[in-house]
Peer 1: 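Pasting a structure here, questions to come.
Whatever order the structure lists them in is the order used to number ligands and atoms, beginning at 1. Here, residue 1 is the first one in the sequence, and each next residue gets the next number.
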Amino acid sequence: DDKLSAFAEEISNCQACGLSAGRTHVVFGAGAPDADVMFVGEAPGQEEDRQGLPFVGASGSLLTRMIEAIGLTRESVYIANIIKCRPPQNRDPQRDEIAACEPFLKRQIDIVQPLVICTLGRFAAQTLLQTTTGMGRLRGRVYDYEGVRVVPTYHPAALLRNPQWKWPTWEDLKRVRLEYDGV
Ligand code: URA
């Protein structure tokens, strides 16, 4: 899509926050420009920074399986992050970095116009839903973000460390599928 790639080009040299100093690539996002389902993660890790693509490391393999578990493919959805540049040592994103980067995600949502957004992990959920509530209490409900349904779930990296969250995540993914189906 012209609008998305023009926008990616526009921010490819972004210096809006300090993360620009340590990055290899701005990790803009990937997938179908007209996707009905969008996944939003936290920030690029080492492999994402190296390749310039979202979710291509260990948590990316799990995200691919999560997407396929509900009958979709990586190519048919859109995948982006709250933060487009890798934080040093994968530390948590800071408030000022989120503030600098969030407008870019908003613009991507505007262009893609998904039916449903699945947020991965607490940073994505808390940023889009403007809350400080933790994941355990946030998940299990459908929210609204400017007319788009939002289904919060755990981050794949968290699932790799906490297998007991797999079942609730599966419940959330089934909800994503139902929203996509218009049920
Ligand atoms: N974790 C994220 O939140 N995003 C990525 O792109 C990769 C890992």
Peer 1: Go through it in stages, so that I can follow the logic: the residues are S76 and T73, the test is side-chain hydrogen bond (donor to acceptor under 3.5 Å, both in side chains), and I'd like the CA-CA distance, side-chain angles, deciding distance and then a yes or no.
Peer 2: CA-CA 5 Å; S76 70; T73 62; 3.2 Å; yes
Peer 1: Can a cation-pi geometry be assigned to R139 and Y154, taking NZ or CZ under 6.0 Å from the six-membered ring centre and within 45° of the ring axis?
Peer 2: no
Peer 1: Is there a path from V142 to M38 through hydrophobic residues (I, L, V, M, F, W, Y) whose side chains come within less than 4.5 Å of each other?
Peer 2: no
Peer 1: Answer with yes or no whether the side chains of R74 and T64 bring together a donor and an acceptor at under 3.5 Å.
Peer 2: yes
Peer 1: Any side-chain donor-acceptor pair under 3.5 Å between K84 and Q108?
Peer 2: yes
Peer 1: Exactly which residues line ligand 1, taking a heavy atom under 4.0 Å from it as the test?
Peer 2: G41, E42, A43, E48, P54, F55, S59, N81, H155
Peer 1: Any carboxylate oxygen within less than 4.0 angstrom of a Lys/Arg side-chain nitrogen, looking at K3 and E10?
Peer 2: no
